[in-house]
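First the structure, in the form of structure tokens, and then the observations on it.
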Amino acid sequence: MAASEFKNASIRCTYDNGLDDKGKTKKKVKAYHNVTETAAADAIHAVAIVLTGFGTKELMFLEKQSGLNIYA
């Protein structure tokens, strides 16, 4: 039977960075590391809103990325 162990987590914010020459939206991605395994979606969203307030770009997407070590 396989077992897993939490390795790390981060949040990834994608911001609107204007338009390119062809009128497509440019994106800027910023990752914030050292997120706890038990961080709830509401808490992550609240933190992302605060972080977005420090800049001028609009938040487009927000993701939580987790890594696990899996042992057999």
Side-chain angles (χ1 to χ4, degrees):
M1 184 163 153
S4 65
E5 175 184 64
F6 176 75
K7 183 177 173 185
N8 59 25
S10 61
I11 58 173
R12 182 178 150 130
C13 299
T14 303
Y15 297 102
D16 182 349
N17 201 23
L19 300 174
D20 65 7
D21 297 337
K22 298 179 183 178
K24 290 182 135 185
T25 303
K26 294 190 298 183
K27 299 172 188 167
K28 180 170 178 78
V29 177
K30 177 69 178 157
Y32 300 94
H33 304 284
N34 298 324
V35 176
T36 63
E37 178 181 14
T38 58
D42 290 337
I44 292 172
H45 182 259
V47 169
I49 296 302
V50 169
L51 292 172
T52 300
F54 290 124
T56 59
K57 299 182 182 353
E58 181 181 343
L59 181 65
M60 295 174 62
F61 305 110
L62 176 61
E63 303 172 73
K64 177 182 176 185
Q65 298 177 326
S66 297
L68 297 173
N69 288 329
I70 299 176
Y71 305 102

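Keep in mind that what you see is a predicted model, and the values were worked out from it rather than measured.
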Item to complete: Could you walk me through whether His33 and Asn8 pass side chain to side chain contact (heavy atoms under 4.5 Å, CB included), step by step?
Response: CA-CA 8 Å; His33 304 284; Asn8 59 25; over 6 Å; no
Discussion item. Using the rule side chain to side chain donor-acceptor pair (under 3.5 Å), only one of Asn17, Thr14, Asp16 pairs with Lys57; which is it?
Written reply: Asn17
Discussion item. Filter on salt bridge (charged side-chain N to carboxylate O under 4.0 Å, His left out), then keep only pairs touching residues 24-48, sequence neighbours left out; what's left?
Written reply: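 Salt bridge (charged side-chain N to carboxylate O under 4.0 Å, His left out) check on residues 24-48 returns no pairs.
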Item to complete: Provide the closest heavy-atom pair for Cys13 versus Tyr32 in the form atom of the first, atom of the second, distance.
Response: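 The answer is SG-CE1, 4.0 Å.
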Quick check: is [Y] connected to [X] through a chain of hydrophobic side chains (ILVMFWY, heavy atoms under 4.5 Å apart)?
X     : Y     : value
Met1  : Ile70 : no
Leu62 : Phe54 : yes
Tyr15 : Leu19 : no
Phe61 : Val47 : no

Item to complete: For atom CG of Asn69, decide whether the heavy atoms of other residues, nucleotides or ligands shown that lie under 6.0 angstrom number more than 12.
Response: yes
Worksheet item: Say you draw a straight line from CD of Glu5 to NZ of Lys7; how long is it, rounded to the nearest 0.5 Å?
Response: 10.5 Å
Discussion item. Can you tell me how far apart OG (Ser4) and OH (Tyr71) are? Round to the nearest 0.5 Å.
Written reply: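 The OH atom of Tyr71 is 9.5 Å from OG of Ser4, to the nearest 0.5 Å.
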Fill in: side chain to side chain contact (heavy atoms under 4.5 Å, CB included) involving Ala39 - partner list, sequence neighbours excluded
Val35, Thr36, Ile44, Lys64
